[in-house]
Amino acid sequence: MSVITIERKVLEKNDEIANINRTLLKENKILTLNLVSSPGSGKTSILEQTIDHLKDKIKLSVIEGDVQTDFDAQRIARHGVPVVQIVTRGGCHLDAPLIRDAMVKIGIENLDLLVIENVGNLVCPANYDLGEDMKVVVISTTEGDDKPLKYPAMFRNASVLIINKVDLLPYVNCSLQELRKNALQINPKLEIFETSCTTGAGIELWCGWILQHLSK
């Protein structure tokens, strides 16, 4: 019982700060996306291609979350956009206070889009509101087609699903039709994109969707 009480207090405090983050981001008319996935889904590659498509059209910044290194932040920085790395030192998710501090460091004035790349994990990030507009869950075809059934909370709390690495479908045991059916069974409102960072398939559609949803 005491563990449940502590967890509730932590989440209540997190939600309080998440609401402050959300208010600040909305006041500045910034679309904020929280990218979540298991490790190896390719969300950093999707983010790199997204930046290359949009950086000449809008002002965007990135907050990178990782367990130990700043490798992903170095990759993002090479694309010429501001990025702040949060190293959680073993923590399996980002929380609202971490995002609040990163927002101060990165400076959100005049931004159109803020992308938060969460720590690779499909469990804990589902429970933590960061103040984002929506969660975007990324899975790859190499993970199989039953991931939504194994991690329903994440798919229930997300607004968008990106199915990545579709170029590998001929070589993996994954049915695109079954994957879409399982995801929509959990959350019928999911918007779904199919992408490949190798061929570039689907990236244009995904970036077009972002432009349509900008707050400004």
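E48 is listed as a side-chain neighbour of I76, based on a closest heavy-atom distance under 4.5 Å. Side-chain atoms of I30 and L24, non-hydrogen and from C-beta on, never get closer than 4.5 Å to each other. With a 4.5 Å cut-off on side-chain heavy atoms, F193 and N164 do not count as touching. Contact check for M154 versus V123: no side-chain heavy atoms found under the 4.5 Å cut-off. Side chains of R75 and D72 form a contact here, defined as non-hydrogen atoms less than 4.5 Å apart. Residues I46 and C197 meet the side-chain proximity criterion, which asks for heavy atoms closer than 4.5 Å. Contact annotation: the side chain of E191 never approaches that of M134 to less than 4.5 Å [non-hydrogen atoms, C-beta and beyond]. Between P97 and N14, the closest side-chain pair of non-hydrogen atoms falls below 4.5 Å.
Residues I186 and L122 fall within the same hydrophobic cluster, defined by Ile, Leu, Val, Met, Phe, Trp and Tyr side chains chained together at heavy-atom separations under 4.5 Å. Tracing side-chain contacts under 4.5 Å through hydrophobic residues (I, L, V, M, F, W, Y), one never reaches L161 starting from W206; they form parts of separate clusters. Cluster annotation: V67 and I86 are assigned to the same hydrophobic cluster (Ile/Leu/Val/Met/Phe/Trp/Tyr, side-chain heavy-atom contacts under 4.5 Å, transitive). Follow the hydrophobic side-chain contacts under 4.5 Å out from V119 and you never reach I139; the two are in separate clusters. L113 and V138 fall within the same hydrophobic cluster, where Ile, Leu, Val, Met, Phe, Trp and Tyr residues are linked whenever their side-chain heavy atoms come under 4.5 Å apart, directly or through other members.
A pairwise comparison of heavy atoms in C124 and C92 identifies SG-SG, 2.9 Å as the closest pair. Shortest non-hydrogen contact noted between P125 and K135 is O-CE, 3.2 Å. Across all non-hydrogen atoms, the minimal contact from C174 to L169 is O-CD2, 3.5 Å. Nearest heavy atoms, V83 versus A77: CG1-CB, 3.9 Å. The minimum heavy-atom distance linking S61 with L111 is given by the pair OG-CD2, 3.3 Å.
Within the structure, the ring-ring contact (aromatic ring centres under 6.0 Å, His included) test picks out no pair touching residues 132-191 (sequence neighbours left out).
If you take CG on L54 and CD on Q49, they are separated by 11.5 Å, rounding to the nearest 0.5 Å. To the nearest 0.5 Å, the span separating CZ on F71 from CD on Q85 amounts to 10.0 Å. Separation of atoms CD1 (I58) and CD1 (I210) is listed at 7.0 Å; rounding is to 0.5 Å. Taking CG from L114 and CD1 from I63, the interatomic distance works out to 4.5 Å, rounded to the nearest 0.5 Å. Distance check: D101 CG to I106 CD1 gives 13.0 Å after rounding to the nearest 0.5 Å. A distance of 12.0 Å separates CG in D56 from CD1 in I51, rounded to the nearest 0.5 Å.
With a 6.0 Å radius and a threshold of 12 heavy atoms from other residues, nucleotides or ligands, K55 has its NZ atom above the threshold. Other residues, nucleotides and ligands contribute over 12 non-hydrogen atoms within 6.0 Å of the CD atom of Q68.
Exactly one residue among R22, K26, K29 makes a salt bridge (Lys or Arg N to Asp or Glu O under 4.0 Å) with D133. That residue is K26. The side-chain contact (heavy atoms from CB on, under 4.5 Å) with I192 is formed by just one residue from the set L176, L179, L184; it is L184. Among N121, I116, N34, the one residue that satisfies the side-chain contact (heavy atoms from CB on, under 4.5 Å) test with L94 is I116.
With sequence neighbours left out, E204 forms a side chain to side chain contact (heavy atoms under 4.5 Å, CB included) with H53. Here D167 pairs with S196 under the side chain to side chain donor-acceptor pair (under 3.5 Å) rule; sequence neighbours left out.
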Exercise for review: Could you go through the side-chain contact (heavy atoms from CB on, under 4.5 Å) check for L98 and D95 one step at a time?
Suggested key: CA-CA 6 Å; L98 290 170; D95 61 25; 3.2 Å; yes
Exercise for review: I would like to know whether K57 and C207 meet side-chain contact (heavy atoms from CB on, under 4.5 Å); could you show each step before the answer?
Suggested key: CA-CA 11 Å; K57 300 175 182 173; C207 292; over 6 Å; no
Point to revise | Stepwise side-chain contact (heavy atoms from CB on, under 4.5 Å) test for N21 and M103 | key: CA-CA 9 Å; N21 292 347; M103 285 165 54; 4.1 Å; yes
Check your understanding: How far apart are the C-alpha atoms of D66 and V87, what are their side-chain angles, what is the distance that settles it, and do they pass the side-chain contact (heavy atoms from CB on, under 4.5 Å) test?
Key -> CA-CA 5 Å; D66 217 331; V87 179; 5.5 Å; no
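With hydrogens and angles disregarded, a donor-acceptor distance shorter than 3.5 Å links the side chain of N157 to the backbone of A126. Put simply, the side chain of N187 never gets that close to the backbone of S159: no donor and acceptor are under 3.5 Å apart. Using modelled atom types, one side-chain atom of T141 and one backbone atom of K165 make a donor-acceptor pair closer than 3.5 Å. A donor-acceptor contact shorter than 3.5 Å links the side chain of D145 to the backbone of S175.
The existence of a salt bridge linking E194 and R180 is confirmed by a sub-4.0 Å separation between a basic side-chain nitrogen and an acidic carboxylate oxygen.
There is a side-chain donor-acceptor pair under 3.5 Å between H79 and D52. Side-chain atoms of E143 and S41 form no donor-acceptor pair, as typed in the model, at a separation below 3.5 Å.
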